[in-house]
Amino acid sequence: MQEISFKYNIFLTAWGWAGLVAGQEGLRILVLPEERKEDVLVKIKKELKYNNLIEEKGGWEDLIKDIKEYFTGKKVDFSNWQLDLNEYTDFQKSILQIVKKIPYGKIQTYKKVAEAANYPKAYRAVGNTMAHNPIPLIIPCHRVIGSNGKLVGFSASGGIVLKQKMLDLESEIQAK
DNA sequence: GTAAGACATATTG
DNA sequence: CAATATGTCTTAC
């Protein structure tokens, strides 16, 4: 019986407890700030579908530092981090990689993301992919909004409110 | 200009 | 087949 295990980290940011899980080939899961540390772990387990988790610190201190700085209002670029997307379909990989390229403070629509991925009419499916986005923030799904300029669903615990807060954080910095 | 409803549309499980 | 973190159009305020 081969046991698969992943190492995870849970840390405190200015907005609450956040967590991440790393696999062999890169970052696997990232959890947005929750009020309670316990909720972060629950979320990780729910996403992973494995219970063999090891709390291990190593190799990801830089990312944790960047995330903490992000929530304190500093402009941070996450686009260089390696992601592990092996368990996702080609379509999802395409979408995630395109969304990942959206720069800090910039906003895209679901439709434009679909077009950029060469699936001009798959905007609905883009939303579907975002709903299962395992790595928010690094894949800035909060920067993807509806074509009419309004914010739509956000499945993280904070919902639309959290999405709005993150956009406010970024727009303020860009305005300065 | 806003809000609600219907329908088209692609991908996933 | 059903579900969906959309888009567009049509109505009616």
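The chains referred to below are lettered A, B, ... by the order of the sequence lines, with proteins before strands, and numbering in each begins at 1. Since the model is a prediction, treat every value here as computed from it, not as a measurement.
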Asks: In whole angstrom, give the distance that lies between atom CG of A:N133 and atom P of B:dT11.
Replies: 18 Å

Asks: Tell me, yes or no, whether the heavy-atom count around A:E69 atom CD, taken from other residues, nucleotides or ligands under 6.0 Å, exceeds 12.
Replies: yes

Asks: Any side-chain N or O of A:T129 less than 4.0 Å from the OP1 or OP2 oxygen of C:dA5?
Replies: no

Asks: Mind listing the N/O atom pairs, protein and nucleotides 7-13 of chain C, below 3.5 Å?
Replies:
from: C:dG7; atom 1: OP1; to: A:S147; atom 2: N; distance (Å): 3.1
from: C:dG7; atom 1: OP1; to: A:S147; atom 2: OG; distance (Å): 2.7
from: C:dG7; atom 1: OP2; to: A:S147; atom 2: N; distance (Å): 2.8
from: C:dT8; atom 1: OP1; to: A:K111; atom 2: NZ; distance (Å): 2.4

Asks: State the NZ-NZ distance between A:K68 and A:K74, to the nearest 0.5 angstrom.
Replies: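 Answer rounded to 0.5 Å: 13.5 Å.
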
Asks: So for atom CD, which belongs to A:E56, do other residues, nucleotides or ligands contribute more than 12 heavy atoms lying within a distance under 6.0 Å?
Replies: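 Check passes, neighbour count above 12.
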
Asks: Reading DNA chain B 5' to 3', how would its secondary structure be written in dot-bracket notation, given Watson-Crick and G-U pairs with both distances under 3.5 Å, brackets [ ] for crossing pairs and | for partners on other strands?
Replies: ||||||||.||||

Asks: Starting from C1' on B:dA4, measure out to NZ on A:K150 and report it in whole angstrom.
Replies: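 For the pair A:K150 NZ and B:dA4 C1', the rounded distance is 11 Å.
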
Asks: For A:N148, look at atom CG and say whether over 12 heavy atoms of other residues, nucleotides or ligands are found less than 6.0 Å away.
Replies: yes

Asks: Between A:F91 (CZ) and C:dT6 (P), how many Å, whole number?
Replies: 13 Å

Asks: Hey, are the side chains of A:K93 and A:D90 touching, using non-hydrogen atoms and a 4.5 Å cut-off?
Replies: yes

Asks: Can you tell me if A:K163 uses its side chain to pair, donor with acceptor, with the backbone of A:V144 under 3.5 Å?
Replies: yes

Asks: Would you say NZ of A:K112 has more than 12 non-hydrogen atoms from neighbouring residues, nucleotides or ligands within 6.0 angstrom?
Replies: no

Asks: Could you state the OH-P distance from A:Y88 to B:dG13, rounded to the nearest angstrom?
Replies: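 Roughly 10 Å, once rounded to whole Å.
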
Asks: Quickly work out the A:M130 CE to B:dA10 P distance and round it to whole Å.
Replies: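 Answer to the nearest Å: 18 Å.
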
Asks: Kindly determine whether A:H132 and A:Q92 satisfy side-chain hydrogen bond (donor to acceptor under 3.5 Å, both in side chains), including the steps that lead there.
Replies: CA-CA 9 Å; A:H132 302 307; A:Q92 288 172 324; over 6 Å; no

Asks: Please state how far atom CG in A:N128 lies from atom C1' in C:dA2, giving the value in whole angstrom units.
Replies: 12 Å

Asks: Output yes when A:E47 and A:R28 qualify as a salt bridge under the 4.0 Å nitrogen-oxygen rule, no when they do not.
Replies: no

Asks: If I take atom CD1 in residue A:I98 and atom P in nucleotide B:dT11, what distance separates them, rounded to the nearest angstrom?
Replies: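 Distance check: A:I98 CD1 to B:dT11 P gives 13 Å.
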
Asks: Without decimals, in angstroms, what is the distance between A:E115 CD and C:dT6 C1'?
Replies: 12 Å

